[in-house]
Each structure stands twice: as structure tokens, then as C-alpha cells.
Amino acid sequence: MNLFTHSTVFRRGLSSVAVGTDHHNQFIFTHLEEREIAWLTRGNLPHTPRIRGDNQYVNSSFVLENDMSQNKGRTPSFSHIPTPVSAHRFTWVLQARSLAERKHSRTKLRLLILGVDSTILLAVKLASELRDIHVEIRDDGKVDPELDAFFGGGYFQMPRGRSACQFLRSTHTATAGRMTRWDGVIVLNNRAADPMKCDEARQLSLPYCVLIHDEAHSSITPVMNPQKSPCPQCIELYRNERDPFRAHMQQRLRDIPVPQLSLLRRHMCAISLAHTLRDWGLPTASYATGSDTAIPIAERSHTLLQIMDDGSIRNERIRSHPRCSCVAGGSSRSSQYQ
């Protein structure tokens, strides 16, 4: 049994235990035995540890007055406590009150990440509180000072993909390693969508999302289905039509790294991407737009998010370009989105 992080367990007397700090949703067990009290406290272990202290992970919502006072903050050991007969009743009651997770309530998400930075890692960390995430990271670049500072030091000039996997494992954020099956692909690009990376994602015939950083803003595409929705190259073709010199400037700036993102922009971008990961593959997914007005289900798959340096979010409608190779049937397909 895994209690939610807001479901604090504390004693109210010799044989009483209260679960939850919200008085409207709190449940009190009375006339308990000591081993039942210990078992309830041992069940207060969420999937992801919260606070690190005394060379071991301690749950932030863990409160047991007698044991905490005697052990001076150390976590009591319940490894030899037998499971009481009433454990099934306790679990059923707490699940009915939404204080404990139901079995198989956390859906799995297997991602292939092509290119990694601190924004993607932070988004995976945020989404891992709601879903079990497994990632495979492919990035042969070297760790720069910005990413090394995000890791906490000690990874400078090491391979980015391997360093990111070690970071995710060390923080218990997600399972990282090679996989044979994925549910989707995340592609990281600088300044413009890389056709080679996007083609690699499309060839896998999997839904994919593209994150693009440039000097002005960061762009997050919706989850795109190959041959069924506009692709990142459609976005680039429309932008190049609006600015004839844009393609030439992108070519000259191709080898120059993007300046460090502002802290507000990076966190807002991570939150928006975490919303996408939260809803990835779910039938009743809700797409975060950054505004109070919700986008209809039929239209949200064609909305591009742009996160500015001040943290504001703009929405841009995207549609298939008639000269893009992803369009089946040419202009007849593109007219559907205009």
C-alpha cells in the first residue's frame, strides 16, 4: 500500500491513528494494536522519496510522534513487523477515501528521447509523480556547464545521454536504459526542427513531440502522429515564408549554441512539457495551453506552445504545408487544417 504524500499518519492516543491532515477527508482508526499502528506507518511510503537525510531517504509526510522523538528523526525499522489480518480492511478504507493509491492506478510511459537538456529532465521529474516513466536517451554530445550545474557537478564533458541516465537513476525519477518498445518520442532541437531527427521519429511510426529552443522563445509541439497530423517541417516552411531571410540566418547560426535560458522560461517550459507527458496516450487527455480558455479536443492537436523569457505562453495554430513531404494527397490534405 502506498499512501499519497498528503496523507500524513500520526498517533492520537495509545490505540488511535489518524490518516490525512485535511479535516474534511481525514480518517481515524481506533482500538488498534501496536503492530497495526506500525504497519499503517510503514505503508506511508510513496513511490518517489521526498527528503534526503541521515544518509537515507525519508518521506516528508512521515510523522510518528513516539518513534520520531525516540530515534531523533531517523526512520523506524519495520522490516520484521508481520502484516496484520486487518491490513486488507485498512487498505480498502484508505483507497475509498482517496488517501492511498489503488492497484495499477499509475500508468506506464516508455519514452525515447533524442537529445536531452535540463528542461526535458525537469519535465520527466515532474511527470514521474503521476506516471511510471521509463526512458531511453540518445545524445552523443558533451555535458556543458549549464547541464553540469543542473546535475550538481561532476559530469562536465561527459556524454550527455549516459550522464542523464545516471542522474535519473540517482534521483529515483525514472527508469533509464535501453528498450525495445516505446510509447512515444521526444525530440530536442536548437533554433529549428532538425529534419534528420524528425524523420527518425516518424520512421518509428510512433507519436512524437518536438521541443525547440532559440533566442526568442521555446516551442513545444503537440503530440504528433505520423501521416495524420502536421509535422515540425510544416512549421518551418510557414515561418520561412513569412521571413525570407530566416533560413539563411538559421544556417549561419547552426553551430552556435543557444544562450542559457532564463530560469522562469525553463521552468514554465518544463511544466508545459510535463502536462504533455501526463496526458500522453490517455484517451481523455487534456492539453495545457497556458490560458484559462480550454482548446476543444478536435483542435488542441494542432496548437503550438511558445514560452517566452518572461514566462508567458502564446498559442500558435499549426497546419500542414502543401509542399511538405508529410502531406498525403498534397493540397487536399492541407485544406483540412485551414
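Numbers for residues simply follow the sequence, beginning at 1. We use all heavy atoms of the structure for the numbers below, so side chains are in, but hydrogens, waters and symmetry mates are not.
In this structure a side-chain-to-backbone donor-acceptor pair under 3.5 Å is present from R131 to K108. With hydrogens and angles disregarded, a donor-acceptor distance shorter than 3.5 Å links the side chain of T221 to the backbone of V210. Under a 3.5 Å cut-off, the side chain of T303 and the backbone N or O of N315 do not form any donor-acceptor pair.
Here CG of L114 is found 8.0 Å from CG of L204. Values are rounded to the nearest 0.5 Å. Note that CD1 of I133 and CZ of R110 are 13.0 Å apart. Values are rounded to the nearest 0.5 Å. Atoms SG and CD1, from C234 and I318 in turn, are 8.0 Å apart once rounded to the nearest 0.5 Å. Rounded to the nearest 0.5 Å, atoms CD (E136) and OG1 (T180) are 9.0 Å apart. The CG atom of L211 sits 8.5 Å away from the CD1 atom of I186 when rounded to the nearest 0.5 Å. In this structure, Q233 CD and S320 OG are separated by 12.5 Å, a value rounded to the nearest 0.5 Å.
F167 has its side chain out of reach of V116: every pair of non-hydrogen atoms, C-beta onward, lies at least 4.5 Å apart. Contact annotation: the side chain of M249 never approaches that of D243 to less than 4.5 Å [non-hydrogen atoms, C-beta and beyond]. H267 has its side chain within reach of L263: a pair of non-hydrogen atoms, C-beta onward, lies under 4.5 Å apart. Looking at heavy atoms from C-beta onward, E236 lies in side-chain contact with I212 at the 4.5 angstrom threshold. Looking at heavy atoms from C-beta onward, P222 lies in side-chain contact with M224 at the 4.5 angstrom threshold. Side-chain contact between Q166 and F151 is absent, with no heavy atoms from C-beta onward closer than 4.5 Å. The side-chain heavy atoms of M268 and S218, taken from C-beta on, include no pair separated by under 4.5 Å. Taking 4.5 Å as the limit, some side-chain heavy atom of L273 sits within range of a side-chain heavy atom of C209.
Under the rule for a side-chain contact (heavy atoms from CB on, under 4.5 Å), the partners of L32 that lie at least two apart in sequence or sit in another chain are V17, F29, E36, I37, L40, F90. Take H217 and apply the side-chain contact (heavy atoms from CB on, under 4.5 Å) test, not counting sequence neighbours, and it matches D214, S219, R239, Q306, M308. Applying the side-chain hydrogen bond (donor to acceptor under 3.5 Å, both in side chains) test to N240 and every residue at least two apart in sequence or in another chain returns R246.
Pairing each heavy atom of S272 with each of L305, the nearest pair is CB-CD1, 4.1 Å. Pairing each heavy atom of L206 with each of W182, the nearest pair is CD2-O, 3.5 Å. Here the closest heavy-atom approach between residue A123 and residue A270 is recorded as CB-O, 3.4 Å. Closest approach of W280 to D183, counting heavy atoms only: NE1-O, 3.5 Å. The heavy-atom pair separating A176 from R169 by the smallest distance is O-NH2, 3.0 Å. Between H213 and C269, the shortest heavy-atom contact is CE1-SG, 4.2 Å.
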What verdict does the side-chain contact (heavy atoms from CB on, under 4.5 Å) test give for C324 and Y238, after you've listed the backbone C-alpha separation in whole Å, the side-chain angles of each residue and the deciding distance to 0.1 Å? CA-CA 10 Å; C324 183; Y238 278 113; over 6 Å; no
Going through the distances and angles, do K125 and L121 end up as a side-chain contact (heavy atoms from CB on, under 4.5 Å)? CA-CA 6 Å; K125 184 176 182 180; L121 294 176; over 6 Å; no
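Hydrophobic clustering places I120 together with F150 (ILVMFWY residues linked when any side-chain heavy atoms are closer than 4.5 Å, directly or through intermediates). Hydrophobic clustering (side-chain heavy atoms under 4.5 Å, transitive across Ile, Leu, Val, Met, Phe, Trp, Tyr) groups L304 together with V185.
For residues 146-164, every residue pair satisfying the side-chain hydrogen bond (donor to acceptor under 3.5 Å, both in side chains) rule, not counting sequence neighbours, is listed here: D139-R160. Evaluation of the side-chain hydrogen bond (donor to acceptor under 3.5 Å, both in side chains) test over residues 186-201, restricted to residues two or more places apart or in two chains, returns R138-E200, R191-E215, D199-R202.
The other members of the hydrophobic cluster of L253, by chain and number, are I256 (side-chain heavy atoms under 4.5 Å, ILVMFWY only).
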